[in-house]
Amino acid sequence: MKYFFFFTIFIAFCMSCNGKENSRPVFLITGEKASDIEISTIKDLKKDLEKVLKDDIKIVKDDVAIPKNGIVFILGTPDSSTLIKDLALNGQLVISKVIPGSRGGVWAKATYAETNEGIVIAGSDVQGLQYAIYDYAKEVLSINPLEYWTGKIPKKKTIDDLFNFTAKTIAPPKVPLLVYFENDVDELANYRGKLLEYDWESYTEMINSLVRLRYNAIQFFDMLGRPEFYVRPEYKKLNPDYQIDIDYLNKMMDYAKLKGMKIQIDFELGYQIHPLDESKADCWSKYKEDWLNAWKYYLEQTPLIKTDIFVLRPRNQVWDWEYKSSCGESKIEVFNEVYEEFGKLVDQYNKNAIKVAICYSDGMDMFNEGFSPPKDWKVIWSDHGFGTFDHEIIDTKGYDFGTYMHAGYWLNHTVHNPYPEKVGSVMKEMFQKYDADNYCLVNGQNFRPFLLNLEAYSQVCYDPEKFNADNFYKSWTKQYFSETAAEYAVSSMKLLHEAQQGRKGYVEHLWEIREAVSYLSNTPIIRPGKTPIPYDYNRVLGDIDNTGRVEKVLHKSLSEAELGYGAMHENSNFYHAYILLPVQLYSDLIAFERQLHKMSLLKKQFEITKNQKFLNAAIANLPTAKNKLKTIFDRRKSGDLDDKWKNWYSIEIRRQNNGFPTYDMLDAIEANLIKMTL
C-alpha cells in the first residue's frame with residue numbers, strides 16, 4: 001500500500017547542497033504540535049542515525065519540500081502530527097489514543113509525496129511515540145540503550161538497513177508506571193565531581209538509558225539531601241560542608257521531565273531541603289500542624305512542587321525506621337489519618353496527582369492488620385531487598401497494587417547479585433496472584449553495577465508472558481560478548497548469585513570482618529549514635545561456615561569469568577568491568593575475611609588451652625592478612641580498565657555502610673595478641 005501526501009513548499013533542498021555523491025538525505029518530519037518531549041526524542045533518533053549513517057539527517061516540519069531521493073521518517077502522534085492523523089483517518093494506519101493504547105505505538109513503511117521512501121513511527125500518545133522510536137533505534141539501528149555504560153557501539157548501516165523491518169504494533173506495557181529509585185547512590189554520586197552529588201554527564205546518561213528501557217518516572221531521594229548526608233559522622237567527615245544545591249536539583253528535575261519521565265517524591269520530612277525536627281516525628285497527634293506545614297513548605301517553596309507521583313510511607317517521617325509513637329498512639333490509627341490529611345493537601349496543589357503508599361516490612365504488617373489509606377492511593381508491597389517477599393498479602397482490599405523491588409541492595413552495592421530467574425518468577429506471581437501490576441518501583445542504587453537486573457525488571461514489567469530468564473541471560477550477554485564468552489559470563493553470574501544466598505553480600509561481609517577484628521583485638525564495635533557491641537567469639541563462629549561456602553562458590557565463579565575473559569576479542573573492557581572484576585573484588589574480600597577467621601580460631605584455641613603456640617601461630621598469620629588487605633586496596637584503586645570509570649571503586653568515597661578494614665585494625669590485632677603472650 002502506498003501513501004501520498006502533498007504540502008505547500010516553503011523550503012527546497014537539493015543534492016548539491018551537501019556535496020556528497022550518492023548521498024540520500026534523511027528527513028525526520030515532526031508535527032506542527034510536537035511537544036518538547038517529542039522533539040527531544042526525535043533529536044535522539046537523529047543522533048542515533050548519525051552514528052550509523054554517513055548521510056545527512058535533518059529535522060523538519062511537515063510543510064517542507066523533500067527532494068525526490070530523500071528518505072522520510074514521519075514521526076508523532078495523532079494529536080501532534082497532521083500526517084499521522086490523516087493516515088489514521090484514511091485507514092492507512094491503525095493508530096489512535098485507544099489503539100494500541102497509552103504508551104503503545106506502531107511502525108510502518110510508506111511512500112511520501114509519491115516519490116520518497118518513508119517510515120512511519122507513531123504513538124498513541126507521547127510516551128508511545130518515545131518507545132516506538134527507541135525500540136526502532138535498538139532493533140533496527142542496533143543502538144544499545146546502555147551504550148554509555150557498556151561501551152557497546154553500533155556498526156555502520158546503509159539506507160536499505162533502515163527499511164529492514166516488518167510493520168508492527170507495539171503494545172502498551174503490562175505495568176503502566178515503572179519508576180527508578182535513586183537511593184544509596186554514593187559511588188555514582190562520588191566518583192567524579194562534587195561529593196554526594198551526581199555529575200551532570202553521569203546523571204543525564206542514566207536518565208537517557210532509563211527512558212530507553214521504558215522507565216517512565218524517577219524518584220529523587222538522595223539528591224534531596226537525605227538525613228545521613230548532613231547528620232551522620234561518617235558523611236560529615238566525607239563532606240563537612242555538604243549542602244543541597246536547589247538550582248541543580250531543579251535542573252535535574254527539568255531534564256527528567258524533558259525526557260518524558262514523571263517526578264516521584266517520598267514526602268518524608270528529614271531532607272536537608274527543609275527538615276522537620278526529629279523530636280516531632282514520633283507524635284502525630286501533638287505535632288500534626290508541624291507535619292502539615294512542612295509539607296506545605298515543600299509544595300510552595302521548593303522544587304518538590306514539580307512532583308507527579310506523591311509517595312508516603314507509614315513510618316517515621318524523618319528516619320527510615322518504624323513509627324514508634326512517643327505519646328501512646330496506635331500507629332495504624334495515626335497513619336489512617338495521616339494519609340487522609342496528606343491526600344487532601346496533595347489534591348489542593350495537584351489535581352492530577354498519583355498517590356502511592358509504599359509499605360515496608362512494618363507497613364505490610366500494618367496493612368494486614370487494619371491500615372487502610374483512602375482508595376485513591378495505590379498500595380505498594382516491598383521486597384526484602386533481594387527480590388522476594390517476606391510478607392504475604394492477606395487481602396488486597398480492592399486497592400490498586402504494585403511492587404517495590406531491588407536491582408541492587410545495600411548488602412551488595414559494590415558487587416551485583418544477578419537474579420533474572422528470581423525477577424521473572426516473583427514478578428509473575430505478584431501479577432497473577434495479586435494483580436500487583438499497577439506500578440513498579442525499582443531501586444537501582446549505583447545504577448552501573450546493576451544493569452542486568454534493571455533491564456530484567458524492565459522486560460518483565462513490559463511483557464511478563466514473554467519473559468524467560470534463560471533466554472534473557474543469553475540475549476543480554478550475547479549482545480556484548482562473543483558466543484563462547486557469553487556462556488562463561490552466564491555461568492559465572494549464576495555462581496555469583498549462588499554465593500550470595502541467605503541475603504549475604506559484599507557489605508554484609510564487611511560487617512563480619514568488623515566482628516572478627518573486634519574479637520581479635522579485644523575491642524567493642526563502635527557505632528556512631530548507637531550502643532557499642534562487645535567483642536564475642538560466637539559472632540565470628542556464626543560466620544565461618546558460610547564464608548567457607550562462599551569462598552568455594554566464588555572460586556568456581558572466578559574460574560568461569562576468567563575463561564570467558566580469555567575468549568573475548570572486542571569490548572573486553574566491559575566484560576572485565578561487569579563479569580570479571582565483581583567476582584575478583586568479592587573474592588579478595590572473602591580471602592581476607594577467611595584469614596581473620598583462621599586467626600580467630602587460633603586465638604580461641606589459646607583461650608581454651610592456654611597453649612601459647614596458638615597465639616604465636618595467629619601472630620604469624622598477620623603478614624598474610626596484611627598482604628590480602630593490600631590486594632583489596634590495590635584492586636579497588638586500579639578498578640576498571642576504562643579510564644572513564646577511574647575512581648569508581650575508590651575506598652575513600654565508597655558508601656559508608658559497615659565501615660572498611662584498615663591497616664590500623666591489623667596493628668590493633670597485633671598489639672592485642674602480643675599483649676596476650678606476656
Side-chain angles (χ1 to χ4, degrees), residues 148-149 181-206 220-245 248-249 252 271-272 407-416 443-451 505-511 513-514 526-529 573 576-578 581-582 584-586 588-589 592 629-665:
Y148 176 81
W149 308 93
F181 188 8
E182 66 96 15
N183 178 43
D184 297 343
V185 301
D186 302 40
E187 278 83 351
L188 177 57
N190 288 348
Y191 90 103
R192 61 186 180 191
K194 294 182 180 179
L195 293 176
L196 304 179
E197 180 181 283
Y198 293 118
D199 67 278
W200 186 245
E201 180 178 292
S202 298
Y203 169 73
T204 54
E205 291 292 353
M206 181 179 74
F220 285 92
F221 187 71
D222 285 29
M223 294 302 111
L224 301 180
R226 61 184 297 167
E228 290 91 336
F229 288 180
Y230 65 94
V231 173
R232 292 273 170 84
E234 307 97 316
Y235 285 101
K236 292 176 76 171
K237 182 180 179 181
L238 182 68
N239 185 359
D241 299 319
Y242 173 77
Q243 181 63 50
I244 182 176
D245 186 334
Y248 192 59
L249 175 62
M252 287 192 289
Y271 303 123
Q272 192 189 46
Y409 186 57
W410 76 270
L411 292 182
N412 62 334
H413 66 81
T414 298
V415 176
H416 69 146
N443 187 330
Q445 295 199 331
N446 289 308
F447 186 77
R448 179 171 169 254
F450 308 112
L451 303 177
Y506 192 93
V507 178
E508 178 71 4
H509 286 282
L510 288 175
W511 176 256
I513 285 170
R514 291 185 69 182
I526 304 300
R527 302 176 297 166
N573 279 8
H576 175 273
Y578 205 79
L581 183 58
Q584 290 175 327
L585 291 170
Y586 203 1
D588 292 343
L589 193 73
F592 176 68
L629 184 56
K630 183 178 185 301
T631 297
I632 293 173
F633 289 153
D634 290 347
R635 184 101 62 192
R636 291 196 64 141
K637 185 176 181 180
S638 61
D640 285 280
L641 302 178
D642 191 333
D643 287 340
K644 181 194 290 187
W645 310 114
K646 185 179 180 181
N647 295 328
W648 182 277
Y649 290 107
S650 171
I651 290 171
E652 290 77 10
I653 60 174
R654 62 170 289 277
R655 181 159 174 73
Q656 299 301 304
N657 289 78
N658 289 346
F660 208 86
T662 65
Y663 290 119
D664 287 343
M665 291 178 180

Q: Can you see which heavy atom on Trp648 is nearest to which on Pro449, and at what distance?
A: CZ2-CD, 3.9 Å
Q: Are Trp149 and Trp645 packed together at the side-chain level, in the sense that at least one heavy-atom pair is separated by less than 4.5 angstrom?
A: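 Yes, their side chains come closer than 4.5 Å.
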Q: Could you tell me the separation between the CE atom of Met665 and the CZ atom of Arg514, rounded to the nearest 0.5 Å?
A: 6.5 Å
Q: Any side-chain heavy atom of Arg654 within less than 4.5 Å of one from Thr414?
A: no
Q: Applying ring-ring contact (aromatic ring centres under 6.0 Å, His included), name anything that partners Tyr649, two or more places apart in sequence or on another chain.
A: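 None.
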Q: State, yes or no, whether a side-chain contact exists between Met206 and Val185 at a heavy-atom distance under 4.5 Å.
A: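 They are not in contact (no side-chain heavy atoms under 4.5 Å apart), so the answer is no.
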Q: Whether the side chain of Glu205 engages the backbone of Tyr148 through a donor-acceptor N/O pair (distance < 3.5 Å, no angle test) should be reported.
A: no
Q: Ignoring hydrogens, what is the shortest heavy-atom contact between Gly639 and His576? Give both atom names and the distance.
A: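 Closest pair (atom of Gly639, atom of His576, distance): O-CE1, 3.7 Å.
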Q: Taking the side chain from Asn446 and the backbone from Leu188, do they hold a donor-acceptor pair closer than 3.5 Å?
A: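 Pair found, side chain donor or acceptor close to backbone of Leu188.
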Q: With a 4.0 Å cut-off, would you call Arg232 and Glu234 a salt bridge?
A: no
Q: Given 3.5 Å as the limit, does a donor-acceptor pair link the side chain of Asn183 with the main chain of Gln445, or not?
A: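 No, the answer is negative, given that no donor and acceptor are paired below the 3.5 Å cut-off.
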Q: Start with the C-alpha distance between Tyr248 and Lys194, add both sets of side-chain angles, then the distance that settles side chain to side chain contact (heavy atoms under 4.5 Å, CB included), and finish with yes or no.
A: CA-CA 12 Å; Tyr248 192 59; Lys194 294 182 180 179; over 6 Å; no
Q: For a quick test of reading the model, state the closest non-hydrogen atom pair linking Ala577 to Pro582 and the distance between them.
A: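 For Ala577 and Pro582, the tightest heavy-atom pair comes out as O-CD, 3.3 Å.
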Q: Using a 3.5 Å distance criterion without hydrogens, assess whether the side chain of Gln272 forms a donor-acceptor pair with backbone atoms of Tyr230.
A: no
Q: Distance check, rounded to the nearest 0.5 Å: Leu238 atom CG versus Leu196 atom CG?
A: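 Separation between the atoms: 5.5 Å.
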Q: Run the side chain to side chain contact (heavy atoms under 4.5 Å, CB included) test on Asp588 and Arg636 for me, step by step, so that the C-alpha distance in whole Å, both residues' side-chain angles and the decisive distance to 0.1 Å come before the verdict.
A: CA-CA 10 Å; Asp588 292 343; Arg636 291 196 64 141; over 6 Å; no
Q: Between atom CZ of Phe633 and atom OG1 of Thr662, what is the distance when rounded to the nearest 0.5 Å?
A: 6.5 Å
Q: Using a 4.5 Å cut-off on heavy atoms from C-beta on, say whether the side chain of Leu510 contacts that of Phe660.
A: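 Phe660 vs Leu510: side chains touch.
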Q: Can Ser650 and Asn647 be said to form a side-chain hydrogen bond (donor to acceptor under 3.5 Å, both in side chains), step by step?
A: CA-CA 5 Å; Ser650 171; Asn647 295 328; 5.2 Å; no
Q: So, applying side chain to side chain contact (heavy atoms under 4.5 Å, CB included) with Asp186, which one of Asn657, Asp222, Ile653 is it?
A: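 Between Asp186 and the candidates, side chain to side chain contact (heavy atoms under 4.5 Å, CB included) is satisfied uniquely by Asp222.
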Q: Just to verify, what does Tyr203 make a side chain to side chain donor-acceptor pair (under 3.5 Å) with, not counting sequence neighbours?
A: none
Q: Please examine the side chains of Leu641 and Leu581, heavy atoms only from C-beta on, and report whether any two atoms are closer than 4.5 Å.
A: no
Q: Could you tell me whether the side chain of Asp642 and the main chain of Lys644 form a donor-acceptor pair under 3.5 Å?
A: yes
Q: If I take atom OH from residue Tyr578 and atom CG from residue Leu451, how far apart are they, to the nearest 0.5 angstrom?
A: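 These two atoms lie 4.5 Å from each other.
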Q: Between CG of Asp184 and NE2 of His413, what distance do you get to the nearest 0.5 Å?
A: 7.5 Å
Q: Between Tyr235 and Phe229, does a ring pair (Phe, Tyr, Trp, His ring centres under 6.0 Å) hold up when you go through it step by step?
A: CA-CA 5 Å; Tyr235 285 101; Phe229 288 180; 5.2 Å; yes
Q: Within the distance-only criterion (no hydrogens, no angle test), does the side chain of Ser202 pair as donor or acceptor with the backbone N or O of Tyr198 below 3.5 angstrom?
A: no
Q: What pair of heavy atoms forms the shortest contact from Gly444 to Ala407, and how long is it?
A: CA-CB, 4.4 Å
Q: Using 0.5 Å steps for rounding, measure from the CG atom of Asn573 to the CG atom of Asp640.
A: 8.0 Å
Q: Might you work through the side chain to side chain contact (heavy atoms under 4.5 Å, CB included) test for Glu182 and Phe447, ending with a clear yes or no?
A: CA-CA 8 Å; Glu182 66 96 15; Phe447 186 77; over 6 Å; no
Q: Evaluate the criterion side chain to side chain contact (heavy atoms under 4.5 Å, CB included) for residue pair Tyr191 and Asp199; output intermediate values, then yes/no.
A: CA-CA 9 Å; Tyr191 90 103; Asp199 67 278; 4.2 Å; yes
Q: For the residue pair Phe221 and Tyr271, does the interplanar ring angle fall in the parallel (under 30°), tilted (30 to 60°) or perpendicular (over 60°) class?
A: perpendicular
Q: Check whether Asn658 reaches the backbone of Val507 with its side chain - one donor and one acceptor, N or O, closer than 3.5 Å.
A: yes
